[in-house]
Amino acid sequence: MSKTIRKAVLPVAGLGTRFLPATKAVPKEMLTVVDRPIVQYVVDEALAAGIEHIVFVTGRNKHVIEDHFDIAYELEETLSSRGKKAALGLLEDMRPAAGSTSFTRQQEPLGLGHAVWCAREIIGNEPFAVLLPDMVMKSEKGCLAQMVEAYEKNGGNVISVEEVPWDQTQNYGIIERSEPMADGTFKVTGMVEKPAPGTAPSNLYINGRYILQPEIFGLLENQATGAGGEIQLTDAMLTLMGKQDFFGVEYTGETYDCGSKAGFLAANIAYAMDNEELAAEVRPLLEKLLKN
Ligand code: UTP
């Protein structure tokens with residue numbers, strides 16, 4: 001079993017219905033948190049964890065994501081001729097190396113499991129990461145980097161989780177787990193999507209980062225549709241759990257669900273307050289708003 005994770009899948013083919021009308025012509029992943037599109041934060045997290053190749057599973061209307069990670073020739077020429085070195089440097093720094101991205105289309109939004117399955121030929125027979133691009137993770141050491149560290153010790157499949165208040169477990173995918181091991185990781189022994197109130201096996205929710213073994217593709221291929229009439233990644237993971245180890249890592253850091261309006265707004269405020277200059281302008285505005 002390979003002990004390195006070289007490739008990551010970013011499923012970006014969803015419809016973003018919770019953000020309509022903003023997402024009618026602009027993909028949800030391209031909405032900006034301060035001055036960068038959401039998807040950029042997630043790509044940066046993947047690269048910081050040592051990922052060498054990112055597979056974007058896109059759909060129609062999503063071509064601007066591909067453009068965002070390409071050279072903007074006219075713009076960059078103009079910036080260069082005008083001596084705008086700082087702006088040019090920004091664009092160069094955020095660009096993944098040539099040949100380190102692939103784009104494939106899901107064609108129809110048949111569910112997250114189906115989106116991941118669409119990457120099977122590009123991933124091949126090796127373990128890989130999945131990062132849900134609407135979950136923006138803010139931490140000193142990235143969430144995927146924390147998981148890769150656990151993977152290098154224990155192998156298997158790895159799921160990142162974090163605590164939610166017990167009275168909110170019905171809104172999340174919740175795991176069942178064994179007692180934590182010495183390094184804080186634990187085995188995941190079950191998973192349940194949106195458990196009825198009072199029935200959750202823990203208050204640890206799956207926050208959108210996975211390391212999976214390639215055997216998941218064969219299971220996804222034959223996976224019947226589940227909740228919402230979609231092919232669910234969770235269903236295939238549950239089957240794989242009968243054959244392979246799944247480890248949980250309790251992520252340390254902040255998570256912003258940018259697929260929801262509240263999470264998106266919170267991410268904007270959090271990242272704005274991180275920037276000294278911007279924070280100086282934003283703080284009095286926020287204080288004024290909160291007073292009213
Ligand atoms: P979500 O359900 O949060 O995304 O899926 P969505 O469908 O875009 O959003 P709403 O609920 O309609 O507002 C989680 C992730 O899985 C991707 C989405 O792009 C998102 O990043 N996804 C989901 C796909 O790529 N394909 C699908 O068929 C479904």
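Owing to the predicted nature of the structure, the values given are computational and were not obtained by experimental measurement. Atoms within each ligand, like the ligands themselves, are counted from 1 in listed order. Starting from 1, each residue takes its place in the sequence as its number.
Counting non-hydrogen atoms of other residues, nucleotides and ligands closer than 6.0 Å to CG of Asp67 gives a total above 12.
Judged by distance alone, with hydrogens and angles left aside, the side-chain atoms of Glu76 form a donor-acceptor pair with the main-chain N or O of Ala72 at under 3.5 Å. Asn203 contributes no side-chain N or O that, together with a main-chain N or O of Glu163, makes up a donor-acceptor pair within less than 3.5 Å.
Contacts of Lys187 classified as side-chain contact (heavy atoms from CB on, under 4.5 Å), with partners at least two apart in sequence or in another chain: Ser178, Asp245, Phe247. For Tyr172, the ring pair (Phe, Tyr, Trp, His ring centres under 6.0 Å) test picks out Tyr205, with sequence neighbours left out.
Closer than 4.0 angstrom to ligand 1 lie heavy atoms from Pro11, Val12, Ala13, Gly14, Leu15, Gly16, Thr17, Arg18, Lys28, Glu29, Gln106, Pro109, Leu110, Gly111, Leu112, Ala115, Pro133, Asp134.
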With a cut-off of 3.5 Å and sequence neighbours excluded, list every side-chain donor-acceptor pair involving residues 130-140.
residue : atom : partner : partner atom : Å
Asp134  : OD2  : Lys28   : NZ           : 2.8
Lys138  : NZ   : Asp274  : OD1          : 3.4
Lys138  : NZ   : Asp274  : OD2          : 3.0
Ser139  : OG   : Lys141  : O            : 2.7

